[in-house]
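Below is one structure, written out as structure tokens; comments come after it.
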Amino acid sequence: MTVPAEVAEAFHADYVPFGADRDATLAQERYSLDQIIYRSKRTNGLLEVEHNMEALRQVSAAEWKALFDLRSGRTVFPFGSGVWSKKEWVLPSIPDGDVVSMFEGNSNLFWAERFGKEVLGMDDLWVKQCGNSHTGSFKDLGMTVLVSQVNHMIKSNKAKIKAVGCASTGDTSAALAAYCAAAGIPSVVFLPADKITISQLVQPIANGSIVLSIETDFDGCMKLIQEVVEQYPIYLANSMNSLRLEGQKTVSIEIAQQFDWQVPDWVIVPGGNLGNVYAFYKGFAMMRDLGLTDRLPRLVVAQSANANPLYLAYKAGGYKGDWSAYAPVTAKKTVASAIQIGDPVSIHRAIRAIDETNGLVEQATEEELLDAAAQADRTGMFNCPHTGVALAVLMKLRERGIIGVKDRTVVVSTAHGLKFTDSKVAYHERKIQNIASRYANDVHRVPASAGHVIDLLRARGVV
Ligand SMILES: Cc1ncc(COP(=O)(O)O)c(C=O)c1O
Ligand SMILES: N[C@@H](CCOP(=O)(O)O)C(=O)O
């Protein structure tokens with residue numbers, strides 16, 4: 001299956017202000033993706049990548065499904081990538097040769113059979129393993145798109161870019177560093193000093209980034225990078241840049257694809273800077289609008305109780321559509337360090353995603369998220385703390401009967417647990433203050449004698 005050239009010619013995307021689909025006056029403002037611009041000149045709000053949907057409708061839903069199914073997971077560059085298998089819906093105009101891809105996406109949709117059945121009484125629970133990827137988090141999905149576009153702009157002399165930069169709690173920086181290194185483009189990462197894990201820190205170091213450890217928190221780094229990119233030829237790689245979301249939205253398309261083009265009832269996404277939940281919404285909405293699916297799932301944002309500005313606004317009225325109480329917070333320390341964010345850049349995008357999907361917001365305390373991650377690990381997963389937040393939220397929503405026994409539910413695992421071993425080890429060693437470590441598993445140190453070994457195994461009931 002190929003798209004006829006005369007149809008493909010019309011595929012095109014531009015930047016428009018966020019909200020332009022609802023306000024015709026905003027829709028008049030429009031920029032090429034080859035321009036360096038992150039905010040609307042009129043509203044100062046964020047931008048949105050808008051596709052020529054009429055052109056995409058010239059291909060039927062059945063043809064799109066067949067095309068995506070044919071390409072995914074194969075070796076033809078760049079279409080074997082989970083992201084680039086949907087190239088026409090992502091960056092239709094970029095030449096294939098300018099794409100910087102590590103064949104990201106196509107991640108496992110894990111059937112959480114034991115956790116679902118034994119802990120929650122559910123048999124249709126799935127975990128989308130976005131951390132099983134090149135740099136160990138979902139950020140690869142967005143970064144392949146952003147760095148490809150930068151590569152294209154540099155190669156075709158369309159813009160003056162000397163480096164690509166981001167503020168990061170550790171995962172965006174890892175992805176940026178790797179994709180830039182692959183393309184031979186310099187990168188700069190702004191990291192909050194002592195607030196990311198050692199495994200995350202070593203990633204941009206190894207990939208040759210300029211690594212800044214800044215004496216502030218993530219929100220402080222985010223403000224700084226915005227100041228710097230305004231004045232110098234450094235291109236911004238945070239999800240504030242809507243190119244990132246074009247890649248991240250493909251994960252919802254991939255989930256539907258993995259369910260033979262069925263939409264789940266619920267998708268639970270850990271939220272920090274809040275770009276990802278909007279990317280999920282965009283992907284699901286695009287599939288529905290092009291007729292591949294017939295509905296949207298209900299999206300749940302799962303926040304750490306120590307970094308919960310969206311949750312507070314939801315409780316204060318967001319649940320009935322009144323978000324006026326929203327205010328940034330100062331994020332407190334959480335083991336879910338990648339979502340230790342108090343002033344999320346994509347707040348309005350997240351609100352849109354929740355309102356449009358009849359979604360909701362819930363939070364998890366440190367103990368709840370650590371226990372949930374450990375309990376699920378006992379059934380074969382190896383969860384990062386952010387996935388722990390999403391799992392703890394799922395447990396709460398099940399207990400309250402909001403998520404039903406039969407509901408098809410997807411928990412989004414956003415990073416690999418191996419990037420967060422410090423807190424996992426501390427949990428099992430019962431070394432986290434005020435945490436009971438109810439699901440801790442001890443390491444048994446024994447003398448090197450068969451007698452001691454057998455005594456231990458007997459005590460544990462396995463001999
Ligand atoms: C592992 C992990 N989970 C979840 C998130 C939250 O994603 P978002 O910032 O798009 O809400 C991030 C980054 O913010 C992350 O690195
Ligand atoms: N968790 C993120 C925070 C920045 O998010 P972004 O999606 O806006 O880049 C990280 O890993 O840095």
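Indexing begins at 1, ligand by ligand and atom by atom, following the structure's order. The figures here come from the full heavy-atom set of this structure, side chains too, leaving out hydrogens, waters and symmetry mates.
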Going by the closest heavy atom to atom 15 (C) of ligand 1, which one wins out of Ala336, Ala338, Ser337, Gly271? Ala338
Quick one: look up the protein heavy atom nearest atom 6 (P) of ligand 2 and list residue, atom name and how far away it is. Ser239 OG, 3.4 Å
Residue pair Tyr281, Tyr278: steps toward the ring pair (Phe, Tyr, Trp, His ring centres under 6.0 Å) verdict: CA-CA 5 Å; Tyr281 163 68; Tyr278 185 66; 5.8 Å; yes
For ligand 1, which atoms have a heavy atom of Ala415 less than 4.0 angstrom away? 1 (C)
Phe284 side chain reached by Ile253 side chain, heavy atoms, under 4.5 Å: no
Between Gln200 and Thr197: side-chain donor-acceptor atoms closer than 3.5 Å: yes
For ligand 1, which atoms sit closer than 4.0 Å to a heavy atom of Pro270? 4 (C), 6 (C)
Which residue holds the protein heavy atom closest to atom 7 (O) of ligand 2, what is that atom called, and what is the gap in Å? Arg244 NH2, 2.7 Å
Can you tell me if Gln248 contacts ligand 1 (heavy atom of the residue under 4.0 Å from the ligand)? no
Heavy atom under 4.0 Å from ligand 1: found in Asn276's side chain, backbone, both, or neither? both
What about Phe420: any of its N or O atoms under 3.5 Å from an N or O on ligand 1? no
Considering distance alone, does some N or O of Gly275 sit under 3.5 Å from an N or O of ligand 1? yes
Pair Ser107, Asn132: side-chain N/O donor-acceptor within cut-off below 3.5 Å: no
So, are Lys139 and Asp171 salt-bridged, with charged N and O less than 4.0 Å apart? no
Under 3.5 Å, N or O to N or O, is Ser173 touching ligand 2 that way? no
Just jot down the ligand 2 atoms closer than 4.0 angstrom to any heavy atom of Phe218, in number order. 3 (C), 4 (C)
Candidate pair Phe68 and Trp89, rule ring pair (Phe, Tyr, Trp, His ring centres under 6.0 Å), full reasoning: CA-CA 11 Å; Phe68 296 163; Trp89 292 26; 5.2 Å; yes
Which residue supplies the protein heavy atom nearest to atom 7 (O) of ligand 1, what is that atom called, and how far is it? Phe138 CZ, 3.5 Å
Do Val127 and Val410 have side chains that get closer than 4.5 Å, going by heavy atoms? no
Decide whether an N or O pair under 3.5 Å exists between Asp171 and ligand 1. yes
Please identify which atoms of ligand 2 are closer than 4.0 Å to at least one heavy atom of Asn238. 4 (C), 6 (P), 8 (O), 9 (O)
Strictly below 4.0 Å, N to O, side chains only: are Glu227 and Lys223 in salt-bridge contact? no
What protein heavy atom is closest to atom 5 (C) of ligand 1, reported as residue, atom name and distance in Å? Ile339 CG2, 3.4 Å
Which of these, Asn383, Thr387, Asn108, sits in a side-chain hydrogen bond (donor to acceptor under 3.5 Å, both in side chains) with Ser413? Thr387
Is a salt bridge present between Arg398 and Asp407, judged by a nitrogen-to-oxygen distance below 4.0 Å? no
Please determine whether any non-hydrogen atom of Gly272 lies less than 4.0 Å from an atom of ligand 2. no
Do NZ/NE/NH1/NH2 and the carboxylate oxygens of Glu362 and Arg400 come within less than 4.0 Å? yes
Would you mind checking which non-hydrogen protein atom is closest to atom 1 (N) of ligand 2, with the distance to 0.1 Å? Thr169 OG1, 2.7 Å
Report yes or no: does a heavy atom of Lys139 sit under 4.0 Å from some atom of ligand 2? yes
Inspect the contact between Arg30 and Glu50 and indicate whether a charged nitrogen and a carboxylate oxygen are less than 4.0 angstrom apart. yes
Any Ala338 heavy atom less than 4.0 Å to ligand 2: yes
Does Glu368 pair with Arg438 as a salt bridge, N-O distance under 4.0 Å? no
Note the single closest protein heavy atom to atom 13 (C) of ligand 1, along with its residue, its atom name and the distance in Å. Lys139 NZ, 2.9 Å
Selection from Gly272, Ala279, Pro344 by shortest heavy-atom distance to atom 11 (O) of ligand 1: Gly272
Any side-chain donor-acceptor pair under 3.5 Å between Glu367 and Asn434? no
Counting only nitrogen or oxygen atoms and a 3.5 angstrom limit, does Asn273 reach ligand 1? yes
So if I count the atoms of ligand 2 from 1 in the order they appear, which ones are less than 4.0 Å from some heavy atom of Asp171? 10 (C), 11 (O)
Can you tell whether the side chains of Glu356 and Arg22 come within less than 4.0 Å, N to carboxylate O? yes
Pair His51, Glu246: side-chain N/O donor-acceptor within cut-off below 3.5 Å: yes
Run the numbers for me: atoms of ligand 2, each under 4.0 Å from some heavy atom of Thr172, listed by number. 2 (C), 4 (C), 5 (O), 6 (P), 7 (O), 9 (O), 10 (C), 11 (O), 12 (O)
Numbered atoms and elements of ligand 2 in range of Ser168, under 4.0 angstrom, heavy atoms: 10 (C), 11 (O), 12 (O)
Tell me which protein heavy atom sits closest to atom 8 (P) of ligand 1, plus the residue, atom name and distance to 0.1 Å. Leu274 N, 3.4 Å
Looking at ligand 2, does Gln200 have a heavy atom less than 4.0 Å from it? no
A student comparing Val412, Thr387, Thr414, Val345 should find that the heavy atom closest to atom 3 (N) of ligand 1 comes from Thr414
